[in-house]
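Taking it in order: structure first as structure tokens, then the write-up.
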Amino acid sequence: MDRIRITGGRRLNGRIPISGAKNAALPLLIAGLLTRDTLTLSNVPDLADVRLLSRILGNHGVDITIAGKRAGQKAGAGQTLRIDAAEIVDTTAPYELVSKMRASFWVLGPLLARCGAARVSLPGGCAIGTRPVDLFLNGMKALGAEVEIDAGYVIASAKGGLKGANISFPKVSVGATHTLMMAATLAEGQTRLINAACEPEVTDVAECLNKMGAKISGIGTPELIIDGVEALHGARHTVLPDRIETGTYAMAVAAAGGEVTLTGTRASLLDSVIEVLQRAGVTVEPTNDGMRVSRNGAALKPVKVSTAPYPKFPTDCQAQLMALMTLAEGDSQIQETIFENRFMHVQELARLGAGITLDGDTATVHGGRPLTGAQVMATDLRASVSLVIAGLAAEGDTIINRVYHLDRGFENLESKLSACGADIERLSS
Ligand code: EPZ
């Protein structure tokens, strides 16, 4: 398995292009199931998760072609995918594929809406928690589907088609919002999703669905109103920039020191992350194509942060912030309110010398202790990149094992960092 070696202590200077958002590209690919026409997506990041989902969609009979880079296309401008779901040949999403990536469970909505039937493996838990799907199933039932669980599969049917309904989520769920929003576009009548997720990726998918002929209003608010239509048609859509990748590299610069301009992104996608970084003493200046991040000698100040649904501090940046706060002068408190087990990076950061104590859902980071390089293990996507951030600041060599976790969500990470001066390389074993 590939490993990454980082020799810490190098400042970062230069530019990093931000890729298209993984967490928008995945539901956008799935939205392609809703129409017989071609959905063309540009700025799609070249990630393991995107390739895996393309394979899963191929299982349903969807043809996905990657259009070559056109002359003059900006370097790092992602890839263009054409999704053709003219015929859906199989409405089963098998365990061996769904268990590899939770988001593939979301095909449940479009398959049910388009074909009136779906047999989708339960996603199972993962490193960060049990990840139940009750909100999805209750929502499908509200839309008139018959839903049962048999041998680890969700078997859903809606012979006469789905019927619009009011669905109020007891807690905010990004996946359930995506899935039910997509299903509702082809339901008969109006659907209201109350307490819907407002993440920018949900907004991006809603805007794409409207380009495909859906009638969604309230976009960007906790109440989405979807008036069902007979059918959706093809469209062209550009995936929005990845706010989590943007926040991740901002924290990498803050940890290593230096000045880096993040391009192809928007500061407005991550106000809560920028606010925390500025409180910690990092300089962050929005630019017309992203943001400039710098820390030249200023000490890092400890912060107190709780993760929460958008627009509050994203759980997907929690591990990265924890790595940064190991360098702050004083104790920081980081509370994880979304997932019940998203502190797997703590013991790995401790191997680098970090002092972190856990009390239930809150981690206290005793900053100011010097970090020294060591062998560490990546456990999930965001935990693995927190080890990269710590490795950039640690004295000596850090070897990160199981970097396949990184490849799921960070495109060309080593080349983006080494282009700014980091001493980082992939060790293929
Ligand atoms: C999405 O996961 C993201 N994944 C996650 O990013 C992100 O951490 C999460 O939203 C929260 O922002 C993608 O977009 C592909 P949820 P999702 O449903 O939709 C509970 C990454 O690193 N819940 O919003 O699976 C759930 O257990 C990944 O890119 C139920 O109880 O998350 C959790 O505690 C990690 N019942 C909370 O809701 C349900 O039916 C929020 O989960 C569904 C969810």
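Remember, it's 1-based here, ligands and their atoms both numbered in the order they're listed. Not measured: the values here are computed from a predicted model.
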Fill in: Rounded distance [0.5 Å steps], CZ in Phe339 versus OG1 in Thr307
9.0 Å
Fill in: Phe105 side chain reached by Val133 side chain, heavy atoms, under 4.5 Å
yes
Discussion item. Using a 3.5 Å distance criterion without hydrogens, assess whether the side chain of Asp242 forms a donor-acceptor pair with backbone atoms of Glu245.
Written reply: yes
Worksheet item: Counting only N and O atoms by type, is there a donor-acceptor contact under 3.5 Å from the side chain of Glu348 to the main-chain atoms of Val376?
Response: no
Worksheet item: Can you tell if the side chain of Leu108 reaches within under 4.5 Å of the side chain of Met182, non-hydrogen atoms only?
Response: no
Worksheet item: Do the non-hydrogen side-chain atoms of Tyr249 and Ile18 ever get within less than 4.5 Å of each other?
Response: yes
Fill in: Test item: Asp37 side-chain N/O and His233 main-chain N/O as donor-acceptor pair under 3.5 Å
no
Worksheet, complete the sentence: Nearest non-hydrogen protein atom to atom 35 (C) of ligand 1, with distance, is Arg342 NH2, 3.6 Å
Worksheet item: Within the distance-only criterion (no hydrogens, no angle test), does the side chain of Asp289 pair as donor or acceptor with the backbone N or O of Gly264 below 3.5 angstrom?
Response: yes
Item to complete: Before signing off on this row, confirm whether Arg102 and ligand 1 have an N or O atom pair separated by under 3.5 Å.
Response: yes
Practice prompt. Looking only at distances, please establish whether an N/O atom of ligand 1 is found under 3.5 Å from an N/O atom of Ala176.
Written response: no
Worksheet item: What protein heavy atom sits nearest atom 15 (C) of ligand 1, and how far off is it?
Response: Asn23 OD1, 3.3 Å
Item to complete: For atom 11 (C) of ligand 1, grab the closest protein heavy atom and report residue, atom and distance to one decimal in Å.
Response: Thr315 CG2, 3.9 Å
Practice prompt. If you have a sec, work out which protein heavy atom is nearest atom 26 (C) of ligand 1 and how many Å separate them, to one decimal?
Written response: Phe339 CE2, 4.2 Å
Discussion item. As an exercise, identify every atom of ligand 1 less than 4.0 angstrom from a heavy atom of Lys22.
Written reply: 21 (C), 29 (O)
Fill in: Heteroatom proximity flag, Glu340 to ligand 1, N/O under 3.5 Å
no
Discussion item. Considering non-hydrogen atoms of the protein only, which is the closest contact for atom 27 (O) of ligand 1, and what is the distance?
Written reply: Pro132 CD, 3.4 Å
Worksheet item: Between atom CD1 of Ile334 and atom CG of Leu324, what is the distance when rounded to the nearest 0.5 Å?
Response: 8.5 Å
Worksheet, complete the sentence: the protein heavy atom lying closest to atom 2 (O) of ligand 1 turns out to be Arg131 NH2, 3.6 Å
Fill in: Within-cut-off N or O pair, Leu135 and ligand 1, under 3.5 Å
yes
Response to the item:
Taking only non-hydrogen atoms of Gly175 and a 4.0 Å limit, the atoms of ligand 1 in range are 18 (O), 19 (O)
Response to the item:
min-distance protein heavy atom vs atom 33 (C) of ligand 1 -> Ile338 O, 3.5 Å
Discussion item. Does the residue His178 have a heavy-atom contact with ligand 1, meaning some pair of atoms that are separated by less than 4.0 Å?
Written reply: no
Fill in: Any donor-acceptor pair under 3.5 Å from Asp84 side chain to Ala86 backbone
no
Worksheet item: Among pairs that include at least one residue of residues 155-194, which meet ring pair (Phe, Tyr, Trp, His ring centres under 6.0 Å), considering only residues two or more places apart or in two chains?
Response: Trp106-His178
Worksheet entry | Sub-4.0 Å heavy-atom contact, Glu336 with ligand 1 | no
Worksheet item: Which ligand 1 atoms does Val133 reach within 4.0 Å, using its non-hydrogen atoms?
Response: 39 (C), 40 (O)
Worksheet entry | Any N/O pair Trp106/ligand 1 closer than 3.5 Å | no
Worksheet item: Using heavy atoms and a threshold below 4.0 Å, how should the contact between Val174 and ligand 1 be classified: side chain, backbone, both, or neither?
Response: both
Response to the item:
The answer for which part of Leu381 has a heavy atom under 4.0 Å from ligand 1 is side chain
Practice prompt. Tell me which part of Glu201 gets within contact of ligand 1: side chain, backbone, both or neither, using heavy atoms under 4.0 Å.
Written response: neither
Worksheet item: Quick check: are there more than 12 heavy atoms from other residues, nucleotides or ligands sitting under 6.0 Å from CD of Gln278?
Response: yes
Discussion item. Could you identify the single nearest non-hydrogen protein atom to atom 38 (O) of ligand 1 and state the distance to 0.1 Å?
Written reply: Lys171 CD, 3.4 Å
Item to complete: Flag yes if more than 12 heavy atoms outside Asp134 fall under 6.0 Å of its CG atom; otherwise flag no.
Response: yes
Worksheet entry | Residue Arg51 excluded, over 12 heavy atoms near CZ under 6.0 Å | yes
Response to the item:
Note: ligand 1 atoms sitting under 4.0 Å from heavy atoms of Phe136 are 40 (O), 43 (C)
Item to complete: Flag Glu199 as yes when one of its N or O atoms lies below 3.5 Å from any N or O atom of ligand 1, and as no otherwise.
Response: no
